[in-house]
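Worksheet for the structure shown next.
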Amino acid sequence: MSTDKLPTREDNFSEWYNQIVLRAEMADYAPVRGCMVARPYGWALWENMQQALDRRFKETGHVNAAFPLFIPMSFLEKEKEHIEGFSPELAVVTHGGGSKLEEPLVVRPTSETIIGYMYAKWIKSYRDLPILINQWGSVVRWEMRTRLFLRTLEFYWQEGHTAHATAEEAQEETLRMLGVYADFVINDAAVPVIQGVKSASEKFAGAVQSTTIEAMMGDRRALQAGTSHFMGQNFAKAFDIQFLDWNNQLQHAWTTSWGLSWRVIGAMVMTHGDNQGLVLPPKLAPFQVVIVPIYRDDTEKSAVLPVVERVSKELKGAGCRIRVDDREEVTPGFKFNDWEMRGVPLRLEIGPKDVQKNSVALARRDIPGKAGKSFISQEGLASQVVQMLDTIQQSMLERATAFRDSHIHEPTSYADLTEIVKDGWAYSRWCGDADCEAKVKEDTKATIRCLPLDQPEVQGVCIQCGKPATSMAYFARAY
RNA sequence: CGGGGCGUAGCGCAGACCGGUAGCGCACCGCGUUUGGGACGCGGGGGUCGGCGGUUCAAGUCCGCCCGCCCCGACCA
């Protein structure tokens, strides 16, 4: 591991991000451009995220399944907008088993088409609906500019695909799952998000309406942290997903899809991280507590280790994910820095002085330096630690929310908007016209991140063109 | 696909102008001393110098072709 100082967030945010991901050993570059390896520490974080989400999916009635990686090229071509949107970024397999394939296969960029094909086979009656299936897996999109976790050629995610008998039911599902994402990202990842609808130019290729949760990163740029789409009958028509309704009428089903990827790991890094490294929310951290034993010789070691053993047992018993760093070849100082880089929420130091005083030293990762350090009694330690983890979780969300809110402004003029989006988000009226949106992008590089679900009574005129406004929108530069 | 840069040990680089025993720092291995905020000393291992061809007694270095990567655009989210 490198012991050089990190680049700072202020000096070079994107290099700071890369270095944290690499040094915390969450990921590494793979030999193919744009591909990455999720290392055990990063994967453990992803596993915790999967569990937290999967539990919510099951609670809302969904089941898991697995669909194939290869999709016939012709499937994507069945939905016009879909193929137009995805064709520039497809990986295509033309050969297999040493010979040229009759029809090229696409490595799935998303699975609407192959799942639509299967749903057409499975759905005959309104009694077969709804179908509520989720899949955990990876997809491939041939992106030009890649970043670890944020945009890679192959990325891990989950994609939910549902089919319903009515438009209303499908729309409800779309918003329900957006709400599930918001709940997870806010309460588990401690990343505040705004739920909203995508403008036409930003919506998913083939959807009627796309919804999104948008988060603000430490450099004030926006990151889409999850999306949920209402497909209307577009894919049902393309794949003949038809059923007989309760009146014996043949109808096309209404479908949805929703996805959230390991990009949210990147969102956590860029929301919570500091110049010491990563800061992970206790609910998702692979290790919530690291214990560093401190001793100089065998006498001290034999006094300290039994206490470490007892404390670690107690914490495990209280349900904490803990790690005892018993490495002999590095110094305590090195370990402190190492675990701070990895973002472990709480560090316990147990040394000869603590053994003597029946105490432990406790350091909060979210409050660096002396301010976050305290000494607590070994008595009732587990309950104090559990409580502290909860406090950290809450305070991380509060801090991130305060940061975000302090960088959202309502412009008073178009000139004002162009200034605001240089270092924050603009919350403003919009007329709904795509040309206006394009003009803003051309002038400022900012796009409409979403039209928030939470809309006030909108009066007045569009910030860009002066025509009557139809909704409030967030404008920001995005990842 | 345009504009710029770079390929020498796992990583970061020097050596090239001016051809002559392939080096430095970190990492790694061994021994010893250290250990409450990134320890130190001594010893050691590791290289088709991106590839192919040419010039030369001799090429990391000069010449030609090719390949790959990075940054800025375009594209995407």
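For the numbers below, each heavy atom of this structure counts, side chains included, while hydrogens, waters and symmetry mates do not. Labels below follow one simple rule: chain letters A, B, ... track the order of the sequence lines, proteins then strands, and each chain is numbered from 1.
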- Under a 3.5 Å limit on both distances, the Watson-Crick or wobble mate of B:G37 is none

- Using whole Å, report how far CZ of A:F336 lies from P of B:A39. 11 Å

- Complementary nucleotide for B:C49 - Watson-Crick or wobble, under 3.5 Å: none

- Message: Please report the distance separating the C1' of B:C11 from the corresponding atom of B:C69, rounded so that it comes out in whole Å.
- Response: 15 Å

- Measure the shortest side-chain to side-chain distance between A:L278 and A:V269 over non-hydrogen atoms and say whether it is less than 4.5 angstrom. yes

- Query: On a whole-Å scale, what distance lies between the P atoms belonging to B:C42 and B:C67?
  - Reply: 48 Å

- Determine the interplanar angle of the A:F239 and A:F235 rings, folded into 0 to 90°, and report it as parallel if under 30°, tilted if 30 to 60°, perpendicular if over 60°. parallel

Taking N or O atoms only and anything under 3.5 Å, show me the protein contacts with nucleotides 74-77 of chain B, one pair per line.
{"unit_1": "B:C76", "atom_1": "O3'", "unit_2": "A:E89", "atom_2": "OE2", "d": "3.4"}
{"unit_1": "B:C76", "atom_1": "O2'", "unit_2": "A:E143", "atom_2": "OE1", "d": "2.9"}
{"unit_1": "B:C76", "atom_1": "O2'", "unit_2": "A:E143", "atom_2": "OE2", "d": "3.3"}
{"unit_1": "B:C76", "atom_1": "O2", "unit_2": "A:R151", "atom_2": "NE", "d": "3.3"}
{"unit_1": "B:A77", "atom_1": "O2'", "unit_2": "A:R263", "atom_2": "NH1", "d": "3.0"}
{"unit_1": "B:A77", "atom_1": "O2'", "unit_2": "A:R263", "atom_2": "NH2", "d": "3.0"}
{"unit_1": "B:A77", "atom_1": "N1", "unit_2": "A:Y479", "atom_2": "O", "d": "3.4"}
{"unit_1": "B:A77", "atom_1": "N3", "unit_2": "A:R151", "atom_2": "NH2", "d": "2.3"}
{"unit_1": "B:A77", "atom_1": "N3", "unit_2": "A:Y479", "atom_2": "O", "d": "2.4"}

- Query: Are the aromatic ring centres of A:F230 and A:F204 under 6.0 angstrom apart?
  - Reply: no

- Task: Specify the separation, in whole Å, of atom CD1 of A:I294 and atom P of B:A39.
- Result: 13 Å

- Query: Which is true for A:K370 with a 4.0 Å heavy-atom rule: it touches a base, it touches only sugar-phosphate, or it touches nothing?
  - Reply: nothing

- Message: If you define the side chain from C-beta out and look only at heavy atoms, does anything of A:D366 sit under 4.5 Å from A:S395?
- Response: yes

- Message: Taking only the C1' atom of each, what is the distance from B:G45 to B:C26 in whole angstrom?
- Response: 16 Å

- In whole angstrom, what separates A:Q19's CD from B:C11's P? 14 Å

- Query: Considering only B:G37, B:G36, B:U35, which nucleotide approaches the side chain of A:N337 most closely?
  - Reply: B:G37

- Base paired to B:C62 (Watson-Crick or G-U; both N/O distances under 3.5 angstrom): B:G54

- Task: For A:E340, answer base if it contacts any base atom (sugar-phosphate contacts may also be present), sugar-phosphate if it contacts only those atoms, and nothing otherwise; contact means non-hydrogen atoms under 4.0 Å.
- Result: base

- B:G7: pairing nucleotide in any strand, Watson-Crick or G-U under 3.5 angstrom: B:C67

- Task: Report, as yes or no, whether the 6.0 Å neighbourhood of atom CG on A:D298 holds more than 12 heavy atoms from other residues, nucleotides or ligands.
- Result: no

- Query: Rounded to the nearest Å, what distance is computed from the NZ atom of residue A:K335 to the P atom of nucleotide B:G36?
  - Reply: 10 Å

- Result for 5'-nearest mapping on RNA chain B, choosing between A:K445 and A:E328, is A:E328

- Provide the distance between the two P atoms, one in B:G12 and one in B:A58, to the nearest whole Å. 34 Å

- Note on the structure: A:D298 atom CG is separated from B:U33 atom P, nearest whole Å, by 12 Å

- Message: Looking only at the side chains, is there a donor atom on one of A:E173 and A:H62 sitting less than 3.5 Å from an acceptor on the other?
- Response: yes

- Message: Considering every strand and a 4.0 Å limit on heavy-atom distances, what is the contact class for A:D354: base, sugar-phosphate, or nothing?
- Response: base

- Message: OP1 or OP2 of B:G38 versus the side-chain N and O atoms of A:T331: is any pair under 4.0 Å?
- Response: no

- Message: Roughly how many Å apart are B:U21 and B:G60, using the C1' atom of each and rounding to a whole number?
- Response: 14 Å

- Query: Watson-Crick or G-U wobble partner for B:G12, using a 3.5 Å limit on both distances?
  - Reply: B:C24

- Task: Would you kindly give the CZ-to-P distance between A:R296 and B:G37, to the nearest whole Å?
- Result: 11 Å

- Message: Rounding to an integer number of Å, can you tell me how far A:D297 CG sits from B:G36 P?
- Response: 13 Å

- Item | A:E437 and A:S201: side chain donor to acceptor below 3.5 Å | yes

- C1' atom, B:G20 versus B:U56: distance in rounded Å? 12 Å

- Find the distance A:N12:CG to B:C72:P and express it as a whole number of Å. 10 Å

Scan the side chains in residues 35-47 of chain A for donor-acceptor partners under 3.5 Å anywhere in the protein, sequence neighbours excluded, and list what turns up.
{"unit_1": "A:Y41", "atom_1": "OH", "unit_2": "A:R342", "atom_2": "O", "d": "2.7"}
{"unit_1": "A:W43", "atom_1": "NE1", "unit_2": "A:E47", "atom_2": "OE2", "d": "3.3"}

- Item | Assigned partner base of B:C42, Watson-Crick or wobble definition, under 3.5 Å | B:G30

- Once you apply the 3.5 Å cut-off to both distances, tell me the Watson-Crick or G-U wobble partner of B:C76, or none. none

- Task: List the steps, then state whether side-chain contact (heavy atoms from CB on, under 4.5 Å) holds for A:E349 with A:K373.
- Result: CA-CA 10 Å; A:E349 301 164 23; A:K373 226 166 158 173; 3.2 Å; yes

- Which of A:R347, A:R365, A:K335 passes side-chain hydrogen bond (donor to acceptor under 3.5 Å, both in side chains) with A:E340? It is A:R347

- When the nearest nucleotide of RNA chain B is assigned to A:E329 and to A:G34 on a heavy-atom basis, which residue is associated with the more 5' position? A:E329

Hey, what are the protein-to-nucleotides 40-45 of chain B N/O distances that come in under 3.5 Å?
none

- Expressed in whole Å, how much space separates the P atoms belonging to B:U61 and B:U48? 16 Å

- Query: Can you check whether A:L150 reaches A:M270 side chain to side chain, under 4.5 Å on heavy atoms?
  - Reply: yes

- Message: Do the side chains of A:E419 and A:K422 get close enough for a salt bridge, i.e. N-O under 4.0 angstrom?
- Response: yes

- B:G50 and B:A14, which share atom name P, separated by this distance in whole Å: 13 Å

